[in-house]
Amino acid sequence: MKKQIGSVLALYPTPLTVVGAMVASRPNWLLAGHLGIIGHDRVMVSLSDTHYTNRGFRETGALSVNIVDEVMLEKADQAGCVSGSHADKSTLFSFRIGEGGAPIVDEAPVSMACTVEDVYKTEGFENFICKITATYAEETLLTYDGTLNYHTLKPVLFEMPTYSYLKTGEVIGTCMTLGGSRT
């Protein structure tokens, strides 16, 4: 029997990302675990409205979403430990400027350059609705036809209630093949 536990967000774990933006002409990096897919070409980045990096999103209209793997986890964690308003995080990652002007983390296995299309405010949060303008991926993560191979991409997952980083698992099935015939 299920027990009602309140209005708890129960969609964790989620892929861990480092979000980048130019703030005061310098790149700033923020660890983000609140992201959502809102279409085939759009994502939402949800951040506390007090984050310094939000200023860069509003000023430039550009941001990057950089998927974190185990290789870059330590630096990614550092990006989440201090605010850009208190410390210069511009040199934490090597980077290049992607489509639309967002800084892209060089060591991230996959990065998406995005343009901010809208901001939806909720209590204490700014939710940036973004169009993906370009996706950059390490060649070793691509299939023979140039698409991402999610069997080799191993993003770190983030579980908010315990602030834990988790490894991705193994394939346990193929969609639309486990439940019998399709209609």
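Note that the structure is a prediction, hence the values are computed from the model and not measured.
Between A62 and A21 the shortest heavy-atom distance is O-CB, 4.0 Å. The shortest heavy-atom contact between A76 and L31 is O-CD1, 3.4 Å. The shortest heavy-atom contact between P109 and L141 is CB-CD1, 3.5 Å. D145 and T147 get closest at one heavy-atom pair: OD1-OG1, 3.1 Å. The two residues F125 and S46 have their closest heavy-atom pair at CD2-OG, 3.7 Å. Nearest heavy atoms, A24 versus R55: CB-NH2, 3.8 Å.
A donor-acceptor contact shorter than 3.5 Å is absent between the side chain of N54 and the backbone of F57. Distance alone, capped at 3.5 Å, is enough to place a donor-acceptor pair between the T60 side chain and the G56 backbone. Not one N or O on the side chain of K89 forms a donor-acceptor pair closer than 3.5 Å with the backbone of Q78. With hydrogens and angles disregarded, a donor-acceptor distance shorter than 3.5 Å links the side chain of N66 to the backbone of V18. Of the possible donor and acceptor atoms, one in the side chain of S83 sits under 3.5 Å from a partner among the backbone N and O of S85. The backbone N or O of P103 lies less than 3.5 Å from a partner atom in the side chain of S64, making a donor-acceptor pair. With hydrogens and angles disregarded, no donor-acceptor distance shorter than 3.5 Å links the side chain of N28 to the backbone of V23. Using a distance-only test at 3.5 Å, with no hydrogens or angles considered, a donor-acceptor pair links the side chain of T17 to the main chain of A32.
Under the rule for a side chain to side chain donor-acceptor pair (under 3.5 Å), T91 has no partner lying at least two apart in sequence or in another chain. Qualifying side chain to side chain donor-acceptor pair (under 3.5 Å) partners for Y136, counting only residues two or more places apart in sequence or in other chains: none. With sequence neighbours excluded, the residues satisfying side chain to side chain donor-acceptor pair (under 3.5 Å) with H34 are Y12. Under the salt bridge (Lys or Arg N to Asp or Glu O under 4.0 Å) criterion, D41 pairs with no residue, sequence neighbours left out.
With contacts defined as side-chain heavy-atom distances shorter than 4.5 Å, the pair T152/T140 does not qualify. Here the side chains of F128 and Y120 are not in contact, with every heavy-atom distance at 4.5 Å or above.
For the atom pair CZ of R58 and OG1 of T53, the computed distance is 10.5 Å after rounding to the nearest 0.5 Å. Taken from CD in E138 to CG in L148, the straight-line distance is 11.0 Å, to the nearest 0.5 Å. Annotation: the span from C81 atom SG to H86 atom NE2 amounts to 13.5 Å, rounded to 0.5 Å. A distance of 8.5 Å separates CE in M72 from CG in L92, rounded to the nearest 0.5 Å. The CG atom of N149 lies 8.5 Å from the CG atom of L142; values are rounded to the nearest 0.5 Å. Rounding to the nearest 0.5 Å places CG of L157 at 11.5 Å from OG of S164.
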Taking it one step at a time, do H151 and V171 satisfy side-chain contact (heavy atoms from CB on, under 4.5 Å)?
-> CA-CA 8 Å; H151 299 273; V171 176; 3.1 Å; yes
Worked check of side-chain contact (heavy atoms from CB on, under 4.5 Å) between Y165 and D77 = CA-CA 10 Å; Y165 301 126; D77 187 65; 2.5 Å; yes
Under the side-chain contact (heavy atoms from CB on, under 4.5 Å) rule, what do T122 and N127 come out as? Steps first, then yes or no, please.
-> CA-CA 8 Å; T122 56; N127 305 284; 3.3 Å; yes
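Applying the salt bridge (charged side-chain N to carboxylate O under 4.0 Å, His left out) test to residues at least two apart or on different chains, the pairs with a partner in residues 149-176 are E70-K167.
Grouped by direct or indirect side-chain proximity (heavy atoms under 4.5 Å, Ile/Leu/Val/Met/Phe/Trp/Tyr only), M44 sits with I38, I129.
Tracing side-chain contacts under 4.5 Å through hydrophobic residues (I, L, V, M, F, W, Y), one never reaches I37 starting from M160; they form parts of separate clusters. Cluster membership for V116 and M22, using ILVMFWY side-chain heavy atoms within less than 4.5 angstrom, is not shared. Hydrophobic clustering places L47 together with V119 (ILVMFWY residues linked when any side-chain heavy atoms are closer than 4.5 Å, directly or through intermediates). Under the 4.5 Å side-chain heavy-atom criterion for Ile, Leu, Val, Met, Phe, Trp and Tyr, L73 and F93 are members of the same hydrophobic cluster. In terms of hydrophobic clustering, with Ile, Leu, Val, Met, Phe, Trp and Tyr side chains grouped at heavy-atom distances under 4.5 Å, I67 and L30 are assigned to different clusters.
Atom CG of L9 has more than 12 heavy atoms from other residues, nucleotides or ligands within 6.0 Å.
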